[in-house]
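Structure first, then comments.
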Amino acid sequence: MTSIGGKALGRDFWVVAGPCSVETREQVISTALSVKAAGADALRGGAFKPRTSPYAFHGLGREALSWLREAGTLAGLPVVTEVCDVRDAELVSQYADVLQIGCRNMQNYPLLVEVGRAGKPVMLKRGMCATIDEWLMSAEYILSEGNPNVILCERGIRGFDAETRNVLDLGAVAATKLKTKLPIIVDPSHATGRSELVAPMSLAAVMAGCDGLMLEVHPEPSRALSDERQQITPEAFKSLMESVRKVVALRPELTEANRWSE
Ligand code: PEP
Ligand code: MN
């Protein structure tokens, strides 16, 4: 069983929260302290940002990694951050407790091999057009390097309606739970792209059977340098955590009564 910061994934519901991008030392420290106080289990924050446009903000790199690490240590939270390039894997591993592979890199096989060898748990996001089997095969690239600590993350797939940024595939969460013992978490922030949809989709994701959530939280979402529409405030996060805890507590009873085999 993968254990991160004393939490056993699959047994303990696991919540990762923090800004889309690490922007300043103060921003990441203040977010870390507030998400910790609200009950988060890990801190996220991007230092290397894969962006659709080459002209967009791409993260502050090494400096952001050091602020993220400092914030995690101050708050008592393990840190999760993305590695986008084989050439950065060693640097990111020096700072991160969990290496994140973003959706755009789900099938970057040399990168999967590299993080498989890094000796850290890996969070593998589902590619935006990847089937469940392709996603699980990507996980195999990491597992087959001798790294058993892979966490899957559903973050929405490409749809046809721009009303939401992506389509949160909760059917895939329930289906993937039947195919693998790997823990699977859900990222409703990137799935919906809209802060007002994050709470309902988080609660729905819990009932779909996920092992945790990844939520983007920013002290001032409208001023964020990336993903400003989808980040929630620390206050909204606190309130959502209270509801998530209640649904997680109810889940065993509700799901046991409705379990059918194929
Ligand atoms: C992220 O979580 O920071 C991110 C870029 O997400 P995704 O790879 O799912 O787009
Ligand atoms: Mn983001």
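Ligands are counted one by one from 1 in listed order, and the atoms in each one are counted from 1 as well. Numbers here simply count residues along the sequence, with the first being 1. Note that the coordinates shown come from a computational prediction; the quantities given were computed from them, not determined experimentally.
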query = Linking I/L/V/M/F/W/Y whenever any side-chain heavy atoms sit under 4.5 Å apart, do Leu152 and Met214 land together?
reply = no
note = Of all N, O or S atoms in Asp227, the one closest to the Mn ion (ligand 2) is OD2
task = Within a distance under 4.0 Å of any heavy atom of Lys49, pick out the atoms of ligand 1 and give their elements.
result = 3 (O)
task = For Gly102, counting its heavy atoms only, list the atoms of ligand 1 lying under 4.0 Å from any of them.
result = 8 (O)
task = Could you tell me which non-hydrogen atom of Leu215 sits nearest to which non-hydrogen atom of Val198, and how far apart they are?
result = CD2-CG1, 3.7 Å
request  = Measure the distance from atom 9 (O) of ligand 1 to every protein heavy atom, then report the residue, atom name and distance (to 0.1 Å) of the closest one.
outcome  = Arg155 NE, 2.6 Å
ask   = Honestly curious: do Val98 and Val122 fall in one hydrophobic cluster under the side-chain, below-4.5 Å linking rule?
value = no
note = The residue among Asn149, Val80, Ile4 that forms side chain to side chain contact (heavy atoms under 4.5 Å, CB included) with Met123 is Val80
message = Suppose we measure from atom 5 (C) of ligand 1 to each protein heavy atom; which comes out shortest, and what is that distance?
response = Glu82 OE1, 3.7 Å
query = Which residue and non-hydrogen atom of the protein lie closest to atom 6 (O) of ligand 1, and at what distance in Å?
reply = Lys125 NZ, 2.9 Å
key: Protein heavy-atom partner closest to atom 4 (C) of ligand 1 - residue, atom, separation in Å   = His190 NE2, 3.6 Å
Short side-chain donor-acceptor distance under 3.5 Å, His190 and Asp227 = yes
inquiry  = Using a 6.0 Å cut-off, check whether atom CD of Glu134 has over 12 heavy atoms from anything other than its own residue.
reply    = yes
query = Got a salt bridge between Glu242 and Lys246, using NZ or NE/NH1/NH2 to carboxylate O under 4.0 Å?
reply = no
query = For ligand 1, is any non-hydrogen atom under 4.0 Å from Arg44's backbone (N, CA, C, O), its side chain (CB onward), both, or neither?
reply = side chain
note = Scanning both residues in full, the closest heavy-atom pair of Arg44 with Cys20 reads NH2-O, 2.9 Å
inquiry  = Students should be able to answer this: which protein heavy-atom is nearest to atom 8 (O) of ligand 1, and at what distance?
reply    = Cys103 N, 2.8 Å
query = Quick one: does Met214 get a heavy atom under 4.0 Å from ligand 1?
reply = yes
task = Return a yes/no value for Arg104: is any of its N or O atoms, backbone included, closer than 3.5 angstrom to an N or O of ligand 1?
result = yes
request  = Give the residue, atom name and distance (to 0.1 Å) of the protein heavy atom nearest atom 1 (C) of ligand 1.
outcome  = Gln100 NE2, 3.3 Å
note = Looking at Glu216, the N, O or S atom sitting nearest the Mn ion (ligand 2) is OE2
message = Only to 10 degrees, please: what angle do the NE2 atom of His190 and the SG atom of Cys20 make about the Mn ion (ligand 2)?
response = 170°
ask   = Are Trp135 and Val115 connected in a single hydrophobic cluster, I mean Ile/Leu/Val/Met/Phe/Trp/Tyr linked by side-chain heavy atoms less than 4.5 Å apart?
value = yes
